Amino acid sequence: FISSSISRYSAILIGASSLFVGFSTSAAQQPASLQKPNVVIFYVDDLGYGDISPNGAIGVSTPNLDALASKGVNFSDAHSTASTCTPSRYSLLTGEHGFRQNAAILPGDAPALIRPGKATLPSMLQKAGYTTGVIGKWHLGLGDGSVDWNQDVKPGPLEIGFEYSFLLPATGDRVPTVYLEGHKVVNLERDDPIEVSYDHNVGERPTGVDNPELLRMKADLQHSQTIVNGISRIGSMSGGEAALWVDEEFPDVFSEKAVDFIVRSKHDPFFLFFSFQDIHVPRLPNERFKGKSTMGPRGDAIVQMDWVVGRVMQELKTQGVADNTLVIFTSDNGPVLDDGYDDMAAEMLGEHLPAGPFRGGKYSVFEGGTRVPMIVYWPGKSTHTRSNALISQVDIYASLAGLVKQPLAKNEAIDSLDVMDAFLGQSNNARTYLLEEAVGTLGLRKHNWKYIRAISKDKGLPNWLGNKDIEMGFELTPQLFDLTDDISEQTNRAKEYPALVNAMEEKIQQLIEK
Ligand code: NG6
Ligand code: CA
């Protein structure tokens, strides 16, 4: 009786809602069993598998993640789709592999990579009645090309399914170093317009190249252009003085925006994509986190990130929506120590293993590139367990669509599988194969086998990869590892198993041609 009257009730609302954007059904009006859960994705930048205490971190403690893992599902074989940021984010939001859109690390003035009209995770959830917001790092491009930061900056997240956005437009180390709320640069003054260039110097601001004495942190050549807040960045920027961000304020600025979003949205089901700048470079944690790890700024940035998770989790409780919120905590790619700034990350590492037992890190095709922390928690719905299911972030899309009963079009989220039972820790059956994208090649998992495609000689690798002190896993011949007894990918078995190598190469071809 209840359910039929509810469905009649919502049918009336659906009819009426054509007048409005989205539904206005209050979550509180529905019996709990029929409520769609809120979804919060905490997406950390460059956080390695071993960087959190539930996964054995040594130099840093993350009590809020301990709390999450002590109730939720902690995954040991969960992957971002790529070992760099832009393609991983593209996949998370579209349910497609990054290579389909040639997703590569974008400059700070790149056009929007996800074009309006493309089905996305937020647009799918919007159709299912969700209020959607993105807060934090974007790095998926904005505008149509040669973006003018003094006008409405679009298309961007608002044109692909987010109702609210508060962004760091690209990365912390790239200009423009300003916040973007909706279409507008925050605090921009009319008589001080912003200009940005990635190929020549603009304006009068000092640069790291010319004025190294002004720097608070030494940087490599690529990070030595415009100085903002004592830190030289990638790219050149003039104007927008009143709009410049202060890196040390990120934890408070972004978590307050998240709090406001939760307070505003709590009557509808909501989706919050909380995308961290931490622990990407430049690592400039707030004063109150300084020295809270034994690893210098990189470890302190982890403490800061953990605090932000706790702050947002607390607000879910305060607003009375925690029990009906599905939380996914994960990272966009594996760890990196020196990524362009001299912040002592390598020197102060001690015994800590950022990638845990896995080889390589950010940029790598080895497991350390994409095997990232993932914790999922939905009170009363997820099982408390440690799961070794083979999970890809590309599957979040179809899994959430299944959960909210939103049918997918044929060409929507084509690489995404509904593995919600695995996300909730109720099954170990997720993927049997999983693609891993790196800057120079592709890897493929088939159960515990790991195949790495040979890189092509003539294509070469971006020259800046040379000095990262990371094992990339790029070889001119194919590699094959059996992770069952070789979790750290030490012994190449490709010559012993030529048929398997061929089969896995064929599988990659099939996936590409799909
Ligand atoms: C690289 C930057 C690096 C980082 C990365 C993107 C250089 C030398 N290095 O090009 O510092 O910004 O891009 O990181 O320019 S990601 O996590 O957003 O993919
Ligand atoms: Ca990243």
Side-chain angles (χ1 to χ4, degrees), residues 41-49 51 79-93 98 102-110 113 136-142 167-177 198-199 207-209 217-226 231-236 247 273-284 297-298 301-302 305 330-343 345-346 354-355 360-365 368-373 393 436-440 461-470 472:
I41 299 181
F42 291 109
Y43 211 50
V44 189
D45 204 345
D46 296 359
L47 185 74
Y49 180 84
D51 277 329
H79 295 251
S80 56
T81 65
S83 58
T84 51
C85 174
T86 301
S88 289
R89 282 153 205 269
Y90 180 84
S91 297
L92 176 71
L93 293 183
N102 289 321
I105 299 173
L106 291 177
D109 61 351
L113 189 66
K137 169 172 167 168
W138 185 240
H139 208 191
L140 282 163
L142 292 159
L167 306 179
L168 186 156
T171 60
D173 57 357
R174 282 173 177 73
V175 298
T177 50
Y198 275 79
D199 54 35
T207 66
V209 174
M217 211 183 249
K218 269 195 356 211
D220 66 13
L221 190 60
Q222 281 89 344
H223 293 82
S224 287
Q225 286 168 275
T226 300
I231 301 292
S232 52
R233 318 274 167 164
I234 307 177
S236 182
D247 308 70
F273 177 37
F274 191 95
S275 174
F276 285 81
Q277 127 73 23
D278 283 323
I279 62 167
H280 197 281
V281 296
R283 303 177 185 117
L284 299 160
R298 185 174 183 278
I302 296 175
M305 171 281 295
T330 191
S331 168
D332 70 339
N333 52 249
V336 56
L337 298 175
D338 180 354
D339 210 8
Y341 294 93
D342 197 357
D343 63 8
K362 180 174 181 175
Y363 309 107
S364 307
V365 69
T370 62
R371 210 193 273 217
V372 288
Q393 290 170 4
E436 303 176 12
E437 275 194 63
V439 185
L461 295 169
N463 52 20
W464 51 262
L465 281 178
N467 52 22
K468 297 276 176 190
D469 207 16
I470 292 176
M472 299 296 175

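On a predicted model such as this, the values are computed, not experimentally measured, just so you know. Counting starts at 1 for both ligands and their atoms, in listed order.
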Under 3.5 Å: donor-acceptor pair, side chain of Tyr198, backbone of Val175: yes
Check: Gln225 side chain, Gly235 main-chain N or O, donor-acceptor pair, under 3.5 Å: yes
Residue of the set Thr370, Leu93, Thr81 for which side-chain contact (heavy atoms from CB on, under 4.5 Å) holds with Ser88: Thr81
Closest to atom 14 (O) of ligand 1 (judged by heavy-atom distance), picking from Arg233, Lys362, Lys137: Lys362
Closest to atom 10 (O) of ligand 1 (judged by heavy-atom distance), picking from Gln222, Arg174, His139: Arg174
Ligand 1 atoms in contact with Asn333 (distance to a heavy atom under 4.0 Å): 17 (O)
Residue Tyr363 vicinity, atoms of ligand 1 by number, heavy atom under 4.0 Å: 1 (C), 3 (C), 4 (C), 5 (C)
Atom indices of ligand 1 within 4.0 angstrom of Asp45 heavy atoms, with elements: 17 (O)
Distance criterion under 3.0 Å: protein N/O/S atoms around the Ca ion (ligand 2): 5
Any donor-acceptor pair under 3.5 Å from His139 side chain to Leu106 backbone: yes
Working for side chain to side chain contact (heavy atoms under 4.5 Å, CB included), residues Lys362 and Asp332: CA-CA 9 Å; Lys362 180 174 181 175; Asp332 70 339; over 6 Å; no
Numbered atoms and elements of ligand 1 in range of Asp173, under 4.0 angstrom, heavy atoms: 3 (C), 4 (C), 11 (O), 12 (O)
Atoms of ligand 1 close to Thr171 [distance to a heavy atom under 4.0 angstrom, numbered from 1]: 18 (O)
Expected output: side-chain Ser83 to main-chain Val365 donor-acceptor under 3.5 Å: no
Under the side chain to side chain donor-acceptor pair (under 3.5 Å) test, residues paired with Asp173 that sit two or more places apart: Thr171, His223
Those atoms of ligand 1 less than 4.0 Å from some heavy atom in Ile234: 15 (O)
Carboxylate-amine/guanidinium proximity below 4.0 Å for Arg298 and Asp343: no
